[in-house]
Amino acid sequence: GGFEVRVGIGGQVAGHFITEGTKGVVLGDKVSLAVDLGQNARAAAGQNVVLPGTDHAGIATQNVVEKQLMTEGASRESLGRERFIERVWQWKATSGDTIIRQQKRLGESCDWDRLRFTMDEGLSKAVLEVFVRLYEDGLIYRGERLINWCPRCLTALSDIEVEHEDIKGKLYAIDYPLEHDPTIRLTVATTRPETMLGDTAVAVHPEDSRYNGLIGKRVRLPLTSRTIPIVGDALLVDREFGTGAVKITPAHDFNDFEAGERHNLPRISIFDDHAHMDSNGLTEAAVDPEIMGKILLRPVRETRPIIIGALQHAGLLLKTEDHKMSLGKCYRCKTVVEPYLSPQWFVKIKPLAEPAIKAVEDGRIRIVPEGWTNNYLGWMREIKDWCISRQIWWGHQIPAWYCRTCNGTVLTSTKSDGSWIIPREAQPVVAKTQPPLCPVCGGKEFVRDPDVLDTWFSSALWPFSTLGWPEQTPELKTYYPTSTLVTGLDILFFWVARMIMMGLKFMNDVPFRDVYIHALVRDAEGQKMSKSKGNVIDPLHVMEECGTDALRFTLASMASPGRDIKLAEERIEGYRNFANKIWNATRFSLMNLDGPRTAVAPAERAFPDRWILSRLNHTIQLVTSELESYRFDRAANALYQFIWHEYCDWYLELIKPVLQDHTSPDAPGTRQTLVETLETTMRLLHPFMPFLTEEIWQTLPHQGESIAVQRYPTSDSAWIAPDMEQRFGLLEQTIGLVRASRVLLNYPPGQQITFYVAHNEPQRQRHLEQLRKYLAHLGRGAVDLTPATTWPTGNLLRLITEGLSVGIVVAGDVDLNKALDRIVKERSEQTKEIQRLEGKLGNQEFVAKAPPEVIADHRDRLTSLRRDQAMLTSSEQQLRAMLGE
RNA sequence: GGGCGGAUAGCUCAGUUGGGAGAGCGCUGCCCUUACAAGGCAGAGGUCACAGGUUCGAUCCCUGUUCCGCCUACCA
């Protein structure tokens, strides 16, 4: 029933925060839960939450430790796995880690022992369970595929770990002579000529009449003694591009790898894991000895000019041209990434993706804003098997063992540190713990797979692993599935999609109902802010300058869907001023709370009270509905508008006379309204400005310990008063004209004046009479409400709008030209509008086809404008007379 | 190359069933009026990117163009 659990990362869940132990704070009937993926969550209440999740920050820490070891003349291998990981923990807990730095700055500590426990025991349990079950279902396999490989870190990289950089490259056209007739040459185009040594075929389009006669024939591969076949491949070859012929290098290009599988081509890997020219590979490729001697063991990048030179020498390099392309680089060391053939672990993803696609299609999971749904579906439908192994040491080691007896011929041990090289042929035994005996041969000696899992693998289990799964805990029962996941688009696929897949697979239910994709905060150049790029605006700094609440409110107010946030300092300052305004309004209220307060029925209260209650009720409805549709920007703006421009600008001004007059019969009711509306507004604002509202709420008369656990305000129909809002509109209009007149006549705001007010409509005229004391107070003067016909004709400035006339006595010798200019300008604008409306209403087609209510509205406006203009004209004539014109 | 989004006031951006163009900051003028100068009041400022189309009527719907951003694939 009434539980709502909101989960977010980075502590950025609007208005909701966390405390330790309870895994959530009860907000009325809602439960909020915010957890940081990297154990970096800071509760808004100043507490830390440590839940078992995957420690992405640990990867960066690991890199630091590796560098340290290098300077000490050591390496992770010389240290050994256990001592290396121990050292990473030490580093995290003492100095280098960003988490600990922040926490030290905030004067807090982190429970590292508990963190270690959850990392080692809590999460590992779930990871092992999932890995083994997926393996038993045939959904995890060990295979040889191309992966993005960093030749410096010597590890596989996921898509998110590769950074792309646009470069100007070259496109080389190379001639491959036909085997049966070397005078005929097939020209292929490539951006990576050095990989041609590993070609195992050339592809042409099967329907390309230029070449399709050659399919099945063979070409001589230049610089080698091999011949390779010509195949027809409609997927790989674009007839329009280049020469229409493509070389296929299955071991060094992703597309070529797939083409190679389609045509059963051999894969020749010509470089090693350091991206150096490999002797085995070059031998297998049958490279000419002369070339071999020049390139053996050299880095790939250095071999390109050598190969180009050799091809040129042989007269086979047809041409080179400039070509735009982009280069993948390792996110850690910025080394150019190579597609590299190596044994890795994969998750067969299609069977997991299909239910996850269906869950979104049939609405069990809703993506907000829904524009991203197609992105999700498109990505999921074209998903490729997921490489989950990483050749690093920080993380969950893959639970696979190799029997030394069975794999004796293929396992090799490197001498220095005793670690093992495990080729693709090796047969693993997958189990949660090392098996006592080999199921095949009964052998007792095993080598464990040295790879660890991609951090996203354990992250994918987050919705249930954090709740104690695979045990059937009460927490799991209560909190799975959650209601809403709040996250950024950048990890929709890496994290969200995988949580959905794993949730459906292991819990038989979606992990959450709504996925709210929030805007990304970008810097001034529109770049994504990220820790690794270092272009992050330090939130702690901004918080010191403008306050935490101002920052939070800014982010909420800018969170328009489908648009990224370019964080501007000025905007935050604007909301700092807003926070200041609220403080001052509170100060005013507290100064005026002395004296009795009586809670009479809203309808019995004074006009300002009834009006502000009605507006507050309206704001509650608006904010609530906007929050429910995830429009945090609109909700924030509604609050800003209400608090500043209705509550402060008008309500507090309206009630000053009553509060200052201790004999006023309205005072007890107004004091009650004042505190009631402020308290309610604070609760309404609390999700957006938690600190300030808590502080203020504590100083107001209240019940309960904290504003955080009070009910969120709900609409109260007794507060609704449309007639009071209508009267307020009249008051606002009148005061507006009075103030404008003051400026035109250069009357200082404090100077008492006499002004006349009249309205064409009798009902409005009666309202004016009821508003008399408020008009006098806000207009700062004596009000005369006699009909306009009885007003003095001389020495009076009259302004008119919508049937309302305001006249101000012109005293002494003031310059009336400013006033005249204003009236003339206003009249000309009115004339333009009248002409526009007359034109439309004179248009037969408009009258015939437009909806009746639009026509009626136009007619009303025209009538009103004509009436105003008549009065304005008379006012202008009077003014000219006074000027002696 | 494909996909998606954006182009509205000097700046940052709202504007959801097509009918009078908005906010915040900045700017101008006047005010230290006992909650607030991080403030109050008044005001200036826009051919809603460009060109067509649909419609009685387009910032809004459709098509095309230009520029910008993001995602994705890197076509050899």
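In what follows, every heavy atom counts, from backbone to side chain, and hydrogens, waters and symmetry copies are set aside. Numbered from 1 within each chain, the chains take letters A, B, ... in sequence-line order.
Contact of the Cys330(A) side chain with the Val162(A) side chain is not registered, since no non-hydrogen atoms from C-beta on lie closer than 4.5 Å.
Nucleotides C25(B) and U17(B) place their C1' atoms 33 Å apart, quoted to the nearest Å. Going from the P atom of G2(B) to that of G64(B) covers 13 Å, rounded to whole Å. One P atom belongs to C62(B), the other to C68(B), and the distance between them is 24 Å to the nearest Å. Rounded to the nearest Å, the gap between the C1' atom of C27(B) and that of G46(B) is 15 Å. Comparing G6(B) with C13(B), their P atoms sit 13 Å apart, to the nearest whole Å. The P atoms of A49(B) and A58(B) are separated by 15 Å, rounded to the nearest whole Å. As rounded to the nearest Å, U12(B) and G26(B) have P atoms that lie 15 Å from one another. Rounded to a whole angstrom, the distance from the C1' atom of C61(B) to that of G69(B) is 24 Å.
Ranked by how close their nearest RNA chain B nucleotide is to the 5' end, Leu236(A) and Trp379(A) are led by Trp379(A). Residue Arg836(A) is the one, among Asn843(A) and Arg836(A), whose nearest nucleotide of RNA chain B lies closer to the 5' end (criterion: closest heavy atom).
Between Arg739(A) and G40(B) there is no side-chain polar atom (N or O) within less than 4.0 angstrom of OP1 or OP2. Applying the 4.0 Å criterion to OP1 and OP2 of A44(B), one finds that Arg822(A) has every side-chain N and O outside that range.
Under 4.0 Å is where a charged nitrogen must lie from a carboxylate oxygen, and between Arg239(A) and Asp208(A) no such pair does. Here Glu829(A) does not pair with Lys832(A) in a salt bridge; the nearest charged N to carboxylate O distance is not below 4.0 Å. Arg861(A) has no carboxylate O lying under 4.0 Å from a charged side-chain N of Glu802(A), or vice versa, which leaves the two without a salt bridge. Salt-bridge annotation for Glu321(A) and Lys319(A): present, with a side-chain N of the basic residue lying under 4.0 Å from a carboxylate O of the acidic one.
The side-chain tip of Arg615(A) does not point at the ring of Trp644(A) from less than 6.0 angstrom away and within 45° of straight on.
When both distances must be under 3.5 Å, the Watson-Crick or G-U wobble mate of G5(B) is C68(B).
For Pro339(A), the side-chain contact (heavy atoms from CB on, under 4.5 Å) partners two or more places apart in sequence, or in a different chain, are Leu146(A), Arg192(A), Phe254(A).
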_Protein proximity profile, nucleotides 21-38 of chain B - base contact B, sugar-phosphate-only contact S, no contact -, cut-off 4.0 Å on heavy atoms_ = ---SS-------B-BB-B

